[in-house]
Amino acid sequence: MLIDRRILSTFDWRLAASAAGLAAMSVLIIYSTSGMHSSLLRRSLYLKQASWMVMGLFAMILLCRFHYRTTWRLAYSIYGALLAALLLTALIGRAGMGAQRWLSIGSFAFQPSEFMKLSLIILLARYFEDHKDDLGAPRTFILPILLTLLPAALVLRQPDLGTAIMLLLITTGILVVMGLKIRYFVLLGVAGSAIAPVLWRFLHDYQKNRILVLVNPDMDPMGVGYQVAQSKIAVGSGGLIGKGWMAATQSQLNFLPANHTDFIFAAQAEQWGFIGSLGLLLVYAYLISKGLRLAKDAHDLFTMVTSFGIASMMAWQVVINIGMVTGIMPVVGIPLPLLSYGGSSMLMNMLAVGLLLNIHKHRYLY
Amino acid sequence: MSRERDTSNPYAPFQKRIRVAAFLISAAILIVLLRLWALQILEGERMLLLSLNNRLRLRPVEAPRGLILDRNGELMVENLASFDLYATPEDMPDVEETTRRLAEILQSSPDELRQRISQRQGSQFEPVLLRKGVDERTVTAIEEQKIDLPGVSLRVKPVRAYPKGGSAATLLGYVTEVSHAQIKSKEFRDFRPGETMGQAGVERRYDAFIRGVDGGEQVEVDALGKVSRLIQRVEPQSGFNLHLTLDNRLQRIAEESFQGRSGALIAIHPSTGEILAMVSQPSYDPNQFSQRMTPEQWRTLASNPHHPMQNKGLQAQYAPGSIFKLVTALAALEKGAITPETKFTCNGTFSLGSNLFHDWKQGGHGTLNLQQAIANSCNIYFYNTALKTGIEEITRVARELGLGAPSELGLGDEAKGIIPKQNHTRGSGGWYPGNTVMAGIGQGMVTVTPMQAVMMVSAIANGGTLYRPWVVRKVETLDRELIEEYGPELVRKVNIDPDNLAIVREGMQAVVNEGTGGRAKIPGLRVAGKTGTAQVVQNGGPQRSDQRDHAWFVAFAPVDDPQIAIAVVVEHGGFGGQVAAPIAKSLLEAWFKLPKEPGSVQTAEPEPGEGD
């Protein structure tokens, strides 16, 4: 392989190490939470996560080989393919835990909605670069909104409220940076509020409960209320330095449901306490700040939007996930980037970091 | 970067907005961090406590109760391992098949077992109690077929066992789980549901000594309540052993001598108050309570007209009949109403005003002095004596001797008995000389408990000292370390002239040697006694077996150095001399023959005395 020395010297090792570190931490936590679990299936989860981590790292490095402009070229195709995959998921997707989110290809199952997040970022990046001269016209923003609503509706139907919200938030952030006037957001907000009661009716009961539980944490003590209560106990009982690896009783003894997926942060916080949580937040902050810096220093709209989109996606996921785990946000089912169990999420986030690495590496190369 | 370059930068507006976004993201992350600070640092300790409560369970491990032994160290009450049968639904892959197999072993229906399993409360990891106290055969069968009975387990726990069955049951008491009502009361606030405690007799009174200190297991459970590991086990501390004053051999003989009749017997050491035997018949098997008693078993026990659960020695009050003549004699001597030589003539009847009182012997006893009157239990003599003495002195002497007040042995609710005073009348008719006459022979409204009767006899026997009866000699740890030792407790020196007591003792000797208590006579042993026949239905008529008089006998021996005092009452037994005296005799014979004094007593056929 021909290696451009400049590329090697400009490879952001710290960024790559942060992502790899988070993924490794994920394997450790999943190992610790499933160690005492009786089911073999659960016990082997950390191995699966480890293999996804390896695949993710591989994908991340692989992505660096191409110029990010390749993604620019493929933006619409990837979006189209994923939209088709989402449609296909709705038709023949694999159901699990009350939702139809996975598409099986042989023994491999992936979650198109996860990849749609990154795809939407790239799509919007390309779109705004293509329309950089029309940014003053409000109509320029109509298509991006439609291109977001389309997959969001399909994802919501699965149902996956968390990912649908993520798609909307990602687009919102990008639209703001692209200069959509605040008054339009107010307008969108008013329109949104107007149709909220209608949308509310389309929500599943458990989704409604998740939102209501935020207002009244005691309303569903054995359901979402239980989960949040147990999660808060797990996080809080970690104290300053935590109970230590493999000693997190709340998560190990299964008091904390979903302790390897959406609630993995609680398992982490229980084991390594405030010090560990702070460390983790600093790593995320580094990842996010890296994305924001790349966006700020970008010389073209595509890299700016891509970098900003990835940074904001990470930020939304981190803030909402930890917010829901600590009981200050509704439980909407958003995974913690690179930490929550799941192949699609791991791959997508690794690819996102890979894209940042790519942008970083090429920032002085044209 | 210079301002000029900034303004020339076409991305400047975007960069500005990105900076704002970065600021907002930083603020959001800071909020999250503050939340973590609040939860982990400020509330950390509380949350840690909550997490401990979540996962740690304390499972009590019941302490074995202390043993109860008789005065010679013979085991009266012990603990046995009881096997309780449990099923854990989660561990039963095929509930149908397992319950079918189990039902075959238990010889019950599979449906009943399935119903029990389905009625469980709590998680399916929680074992369901299927049967308490399964027998050895079942235990063996279950162990043998263990491999085919997944989810079925046996747990061992100590249960109270009474190897002598119903022997001394009302004295020893029984043990059950505390009831809901008990737990609610202040007295039992330290008990937890399911905990066992002594419910009657010695088991109840000395529960604090016997119960021991329960241990516990601290186990870690998961969210489904399934035990994941044992964290700590605190071994239970066995309760203290009790050594009774009771002699089990004597107790057994006493019980056997009742031959299925109802009544009570108490034997005590007159110079100490130690209870040597305490019989209440019929009895019950306290082992029944250790296992789960069926409602049917309980109904049978509770509705038995002979009150097997009652300790008749303490709780039943009977008219003392002629044994009360000892009190009347003492009162008369104390008052100087008579001397030992005072004679009255008995021709079978005694008239007082318009009332005619009878002697038990048709035709009467002729002329008798006090000793002869006691020996023959002459009613007419004591009608005269009572009348001359008056009820006040009779009451005083009776109370001096412990009648009319509970003995304060402390084993359950004790009856007080009734010793009338002059102003003590039923209804509003006032106190008449006729009442005094009746009281003088232990009839009318006088009632005593067998315990009071034996205390009275003891005080007469030992020359006038009333001791509180007691049943526990000492309390020891398992390692025989002494915790508590008990000894004689003086109630009072009775305010009765010892010479008068000696006169009455001589009269009591005559009862056995030449009077109504001949059936208690034991050659080679100087026995003193007094028979009594207490009317149940006034002026008899043809008496049904449940209307016959109560037969009394009180005795002590040997006269010079009393070692044992006895009170026997046989409910509806008839004449005391015929029914109660032989029981006392068999007990006295046994007591003096028992190994501590081998060969001190010869057995011989007594010469039967007649009547009262």
Side-chain angles (χ1 to χ4, degrees), chain A residues 36-38 132 135 173 176-179 229-230 232-240 242-243 248-250 252-257 269-270 273-275 277-278 281 284-285 288-289 292-293 295-301 304-305 307-308 311-312 314-316 318-320 322-323 326-328, chain B residues 1 5-6 8-57 90-91 123 125 218-229 231:
Chain A
M36 288 178 75
H37 216 276
S38 56
K132 61 183 172 201
L135 291 177
V176 170
V177 172
M178 287 301 101
Q230 293 296 338
K232 277 157 69 179
I233 292 173
V235 173
S237 65
L240 181 66
K243 296 174 181 170
T249 50
Q250 281 295 107
Q252 278 200 300
L253 296 168
N254 228 22
F255 285 105
L256 180 64
E270 193 185 2
F274 183 72
I275 301 286
S277 305
L278 182 66
L281 274 181
Y284 279 122
I288 294 162
S289 68
L292 290 173
R293 231 174 308 137
K296 193 167 68 68
D297 297 341
H299 296 287
D300 60 77
L301 267 185
M304 179 187 284
V305 174
S307 304
F308 176 78
S312 71
M314 292 263 183
W316 283 120
V318 169
V319 170
I320 294 177
I322 301 179
T326 53
I328 51 170
Chain B
M1 255 188 268
R5 274 187 68 186
D6 265 349
S8 64
N9 181 358
Y11 300 116
F14 304 121
Q15 286 169 343
K16 190 183 159 199
R17 287 193 282 264
I18 287 169
R19 271 199 293 273
V20 173
F23 173 77
L24 290 175
I25 288 170
S26 305
I29 291 177
L30 192 67
I31 288 171
V32 165
L33 193 64
L34 286 174
R35 173 63 175 163
L36 285 169
W37 172 267
L39 269 182
Q40 298 192 292
I41 307 298
L42 303 182
E43 287 192 73
E45 267 184 48
R46 189 173 73 86
M47 293 295 179
L48 186 63
L49 202 68
L50 286 172
S51 92
L52 289 175
N53 287 343
N54 244 350
R55 70 186 173 97
L56 296 185
R57 299 275 184 280
E90 169 66 11
D91 297 337
S123 84
F125 291 109
Q218 195 179 32
V219 292
E220 193 173 80
V221 296
D222 65 13
L224 293 164
K226 191 177 180 183
V227 175
S228 54
R229 72 184 168 111
I231 292 170

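Residue numbers start from 1 in every chain, and the chains themselves are labelled A, B, ... in the order their sequence lines are given, proteins ahead of strands.
For A:Leu135, the part lying under 4.5 angstrom from a heavy atom of chain B is the side chain only.
Applying the side-chain hydrogen bond (donor to acceptor under 3.5 Å, both in side chains) criterion to B:Ser51, with sequence neighbours excluded, gives A:Lys243.
Going from atom CZ of A:Arg293 over to atom CD1 of B:Ile18 covers 13.0 Å, rounded to the nearest 0.5 Å. Between A:Ser312 atom OG and B:Leu24 atom CG the span is 12.0 Å, to the nearest 0.5 Å. Atoms CZ and CG, on B:Arg19 and A:Leu292 in that order, are 11.5 Å from each other to the nearest 0.5 Å.
Closest approach of A:Phe274 and B:Ile41 over heavy atoms only: CB-CD1, 3.8 Å. A:Val319 and B:Ala28 make their closest contact through CG2-CB, 3.8 Å (heavy atoms, listed as atom of the first residue, atom of the second, distance). Minimum heavy-atom separation, A:Met304 to B:Phe14: SD-CB, 3.3 Å. Across A:Phe308 and B:Ala21, no two heavy atoms sit closer than the pair CE1-CB, 3.6 Å. A:Met178 and B:Arg17 make their closest contact through C-NH2, 3.7 Å (heavy atoms, listed as atom of the first residue, atom of the second, distance).
Every pair passing salt bridge (Lys or Arg N to Asp or Glu O under 4.0 Å) that includes a residue from residues 31-49 of chain B is listed here, sequence neighbours excluded: B:Glu43-B:Arg46.
Note: A:Thr326 leads A:Thr326, A:Val318, A:Ile322, A:Leu281 in heavy-atom pairs under 4.5 Å with chain B. Per-residue counts of heavy-atom pairs under 4.5 Å with chain A were compared for B:Leu50, B:Leu42, B:Leu49, B:Leu33; the largest is that of B:Leu33. Note: A:Ala269 leads A:Gly242, A:Ala269, A:Ala234, A:Ala285 in heavy-atom pairs under 4.5 Å with chain B. When each of A:Gly323, A:Gly179, A:Gly238 is scored by its heavy-atom pairs under 4.5 Å with chain B, the top score falls to A:Gly179. Considering only heavy-atom pairs separated by less than 4.5 Å from chain A, the leading option among B:Leu52, B:Leu36, B:Ile25 is B:Leu36.
Under the 4.5 Å side-chain criterion, counting only non-hydrogen atoms from C-beta, B:Gln40 is not in contact with A:Leu240. The closest side-chain heavy-atom distance from B:Ile29 to A:Ile288 is below 4.5 Å. Two residues are said to be in side-chain contact when any heavy atoms from C-beta on lie closer than 4.5 Å; A:Lys232 and B:Leu39 meet this criterion.
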